[in-house]
Undergrad: 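Handing you this structure, nothing more for now.
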Amino acid sequence: MRIPLDRLIDGAVQALTEHVAPQVPDRCARGQRWSVIDILNNLRERIDWKTGPLEDETRSATAVLAVVTALLRDAGHGGLAARIPPLPSDGPPTERVAAARAALVTAIELLAAVPPDVAAPAHAAIGGHLAMNALRDLQTFKPSLLQEISKG
């Protein structure tokens, strides 16, 4: 029988909290225990890729790349716009998001060759996309247990 990884980690955290904690009298060891619980809580969301955040990132990147392409074409830089690679519409989410990230890097590199008034709105669109990705990444973290760790 295969236990899902998130349930396995939850069980380890529960065991450390309910069964190990009362048996640990040493302050240093208690701090280490809280550190391990903190790491497990934050690792839980990162071990197995959740497809939702990857799909969100891919959709966002697709929209941003369409904006960048349109801005380049409208400004008379159709040749540069054509160099932004198309994104795959199917396949594993990890591969699709990797392709979207690579296409964004290409777009950023291409924007270096256009005047600032053309590049600025494209950079703003890309910046908004990256900011939302940072927020999505932060949402996967659990509240820290640093206060409990410092108590020992």
Undergrad: Apart from Val118 itself, which Ile, Leu, Val, Met, Phe, Trp or Tyr residues share its cluster (side-chain heavy atoms under 4.5 Å, direct or through members)?
TA: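 For the cluster that includes Val118, the remaining residues are Val64, Leu65, Val68, Leu72, Leu80, Ile84, Leu87, Leu104, Ile108, Leu110, Leu111, Val114, Ile126, Leu130.
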
Undergrad: Report the residues that fulfil side-chain contact (heavy atoms from CB on, under 4.5 Å) with Ser35, sequence neighbours left out, ordered by chain and then residue number.
TA: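 Ser35 satisfies side-chain contact (heavy atoms from CB on, under 4.5 Å) with Ile149 only.
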
Undergrad: Side chain to side chain donor-acceptor pair (under 3.5 Å) with Glu57: which of Arg96, Arg136, Arg101?
TA: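 The option that passes is Arg101.
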
Undergrad: What are the two closest heavy atoms between Ala21 and Arg33, and how far apart are they?
TA: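 Taking every non-hydrogen atom into account, CA-NH1, 3.1 Å.
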
Undergrad: Measure across Arg30 and Pro25 and return the closest heavy-atom pair with its distance rounded to 0.1 Å.
TA: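 Scanning both residues completely, I find the closest heavy atoms to be NH1-O, 2.6 Å.
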
Undergrad: Would you list the pairs meeting side-chain hydrogen bond (donor to acceptor under 3.5 Å, both in side chains) in which at least one residue belongs to residues 103-131, sequence neighbours left out?
TA: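 Non-adjacent pairs meeting side-chain hydrogen bond (donor to acceptor under 3.5 Å, both in side chains): Ser60-His129, His129-Asn133.
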
Undergrad: Could you list the cluster mates of Leu71? Members are the ILVMFWY residues connected by side-chain heavy atoms closer than 4.5 Å, either directly or through other members.
TA: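 Val67, all in the cluster of Leu71.
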
Undergrad: Restricting to pairs with a member in residues 72-88, which pass salt bridge (charged side-chain N to carboxylate O under 4.0 Å, His left out), not counting sequence neighbours?
TA: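 Those involving residues 72-88 do not exist here.
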
Undergrad: Applying side chain to side chain contact (heavy atoms under 4.5 Å, CB included) to Gln23 and Val20, what does each step give before you reach the verdict?
TA: CA-CA 5 Å; Gln23 306 301 319; Val20 175; 5.8 Å; no

Undergrad: Can you give the donor-acceptor pairs under 3.5 Å from side chains of residues 12-19 to other protein atoms, not counting sequence neighbours?
TA:
residue: Gln14; atom: NE2; partner: Glu18; partner atom: OE1; Å: 3.3
residue: Gln14; atom: NE2; partner: Glu18; partner atom: OE2; Å: 3.4
residue: Thr17; atom: OG1; partner: Val13; partner atom: O; Å: 2.8

